[in-house]
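Input: a single structure, listed below in structure tokens.
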Number of protein chains: 2
Amino acid sequence: MKSNNTEAQYDASRYRTPDGYTSDIAVFTITSEQTKAYAPPKMVLKLMLIQRAEHDTEGNPNIESGKWALPGGFVTPEETACAAASRELEEEAGIAGIHLKQFGVYDQPGRDPRGWIISNAHYAIVPEYRLSERKASDDAVDVELFSVAELSEQVLAFDHKNIIQDALTHITRDLLQTTVAKQFLPEMFTYSELQAVLLTVTDDKAIQNDQAFARKIKSLPFIEAVKGQKTQRTSKLPTQLYRFIDAEVKQSIYTARH
Amino acid sequence: MKSNNTEAQYDASRYRTPDGYTSDIAVFTITSEQTKAYAPPKMVLKLMLIQRAEHDTEGNPNIESGKWALPGGFVTPEETACAAASRELEEEAGIAGIHLKQFGVYDQPGRDPRGWIISNAHYAIVPEYRLSERKASDDAVDVELFSVAELSEQVLAFDHKNIIQDALTHITRDLLQTTVAKQFLPEMFTYSELQAVLLTVTDDKAIQNDQAFARKIKSLPFIEAVKGQKTQRTSKLPTQLYRFIDAEVKQSIYTARH
DNA sequence: TTAACATTTAACACATTGTTAATTAAAAGG
DNA sequence: CCTTTTAATTAACAATGTGTTAAATGTTAA
């Protein structure tokens with residue numbers, strides 16, 4: 001391999017090069033239903049998909065048309081795939097300053113009938129109210145939110161079913177093992193709001209248990225109670241608000257309880 | 001963006017395409033020194049690097065020559081980057097069947113002076129004895145193992161310093177939060193051998209504490225004591241051997257102790 | 001005035017952890 | 001043969017965290 005490597009130094013052109021480099025984005029949001037006043041919300045994790053048009057702008061039939069797909073597009077040489085994802089989110093949805101994370105590369109030969117196209121996949125977390133803004137301004141594009149249950153019934157374009165499966169795995173892990181839940185919540189939140197976010201991706205008994213979770217949140221090193229700040233969003237009884245603080249979160253399966 | 005997307009369907013060639021797609025591999029091993037007989041080993045995490053040749057096989061001066069770099073090479077359209085990594089490890093080092101994991105993509109404009117080259121980075125875990133086999137068979141290639149401390153002093157090719165930093169972050173996280181430590185250990189191992197592996201990447205007091213760790217290993221759901229199997233590798237007193245078993249490892253920072 | 005209800009506080013039994021100390025089994029040296 | 005050495009094992013205790021059940025709180029709405 002060493003000789004291959006050195007030969008390649010000055011003439012990459014003797015190798016076949018990719019036909020394209022795309023950035024795809026799994027846009028997650030959590031819809032929150034307040035079943036009644038003064039009660040904690042019921043939350044559902046949803047993924048935004050776009051429906052591929054029947055024809056392109058020149059009137060030719062479109063590949064994988066009619067199927068639902070992840071938003072995305074080609075990356076240019078002047079940007080990273082992450083920057084492209086950010087740009088596309090802004091161009092398409094007017095959403096800027098969103099939490100974006102790269103989670104996988106899709107380069108299986110034959111994954112895209114158009115050629116050798118490498119997809120760099122990201123997930124984005126968008127609070128619900130940012131999406132509603134968007135829908136109001138641009139309802140021409142076929143955009144829809146799908147819950148995890150609804151996703152499994154859909155026919156999806158290219159290998160997007162795989163990509164979405166991986167996105168779900170990653171956001172689940174990150175929600176439970178990092179403080180990224182912050183991105184779904186307002187600056188200050190109650191214990192039951194955080195709990196509702198976590199329960200969209202886990203059925204962990206220790207998180208379902210209200211008393212235990214309300215007691216636990218007080219001792220987490222990366223969350224603090226905001227003194228004097230209460231709300232009645234989730235209960236008639238004024239309820240303590242919390243916020244995330246910067247603190248390193250280490251964790252090992254060898255020291256945790258099982 | 002939607003229009004860009006649909007226009008691109010049938011003619012990717014109107015966009016500039018990448019000049020190359022490479023697969024780089026951070027090959028980790030743990031060297032184990034037995035300071036004396038009947039004592040637990042001292043382990044050090046090391047990374048294998050190759051030194052870039054002064055000239056290529058045609059006698060032309062080589063780009064980034066003399067610098068240490070991650071092994072890797074160009075991906076072909078018939079394979080995934082992960083398969084390419086596997087192939088390159090086998091071609092270069094005769095190492096097959098190794099644990100490989102993709103951890104990042106490097107596509108910063110200008111990262112490679114040869115053009116728009118996207119690197120897909122993986123880490124590999126190779127038990128020490130597999131590397132010694134290799135060195136004996138092919139000592140012509142400039143290959144060396146660097147500890148984490150030694151790495152920071154080295155001048156590295158391209159953006160490999162960044163890539164290595166990320167590789168270290170990922171392998172540290174994976175060693176503590178998944179059962180990948182298995183890949184560094186023999187089928188059966190003592191508590192102190194597992195402990196030594198973990199201590200190459202953490203200074204967690206709970207893992208440093210011998211008594212506590214020896215007690216804890218017995219209750220981990222993904223490790224079992226092998227009945228009747230003992231060794232004197234690490235102590236005069238015949239010592240219990242353990243092995244990993246398949247078991248799901250879930251974990252949340254919201255339920256763990258802090 | 002009363003019922004309803006999410007939250008908060010309290011209390012207890014139980015499990016896990018940090019810590020210290022004692023015990024065990026084999027090797028090595030005199 | 002006896003003694004020392006050492007990693008592993010076992011034991012024991014206090015401190016801390018968890019699961020569970022129960023009661024108290026503060027507000028709304030009937």
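Since the model is a prediction, treat every value here as computed from it, not as a measurement. Letters go in sequence order (proteins before strands), and every chain restarts at 1.
- Backbone-only contact: B/Lys218 has heavy atoms under 4.0 Å from sugar-phosphate atoms and none from a base.
- B/Gln208 and B/Asp203 are not linked by any side-chain donor-acceptor pair at a separation below 3.5 angstrom, with hydrogens and angles left out of the test.
- Comparing C/dT17, D/dA8, D/dT20 by their closest approach to the side chain of B/Arg257 singles out C/dT17.
- Counting non-hydrogen atoms under 4.0 angstrom, B/Thr255 reaches the backbone sugars and phosphates but no base.
- Between the side chain of A/Lys236 and the base of C/dT7, no donor-acceptor pair under 3.5 Å is found.
- Residue contacts shown for B/Gln240 are limited to sugar-phosphate atoms, with no base heavy atom under 4.0 Å away.
- Taking 4.0 angstrom as the limit, B/Ser192 places a side-chain polar atom (N or O) nearer than this to OP1 or OP2 of D/dA8.
- Both B/Ala212 and B/Ala37 lie close to DNA chain C; mapped to their nearest nucleotides by heavy-atom distance, the more 5′-ward contact belongs to B/Ala212.
- Nearest heavy atoms, B/Pro127 versus B/Ile98: CD-CD1, 4.2 Å.
- Between C/dT16 and B/Lys216, no contact under 4.0 Å exists linking OP1 or OP2 to a side-chain N or O.
- Residue B/Tyr191 has a polar side-chain atom (N or O) positioned under 4.0 Å from OP1 or OP2 of D/dA8.
- For the pair A/Thr234 and C/dT7, the criterion of a side-chain N or O lying under 4.0 Å from OP1 or OP2 is met.
- Contact record, A/Gln240 with A/Ala225: NE2-CB, 3.8 Å, taken as the closest heavy-atom pair.
- Mapping B/Ser235 and A/Pro238 onto DNA chain D by nearest heavy atom places B/Ser235 at the nucleotide closer to the 5' end.
- Contact annotation for B/Lys205: no contact, since no heavy-atom pair falls under 4.0 Å across all strands.
- In this structure, A/Gln232 reaches the sugar-phosphate backbone alone: every heavy-atom distance under 4.0 Å involves primed, P, OP1 or OP2 atoms, never a base.
- Between the CG atom in B/Leu145 and the CD1 atom in B/Ile30 there is a gap of 12.0 Å [rounded to 0.5 Å].
- The listed nucleotides are D/dA12, D/dT21, D/dG19; the one nearest the side chain of A/Gln211 is D/dT21.
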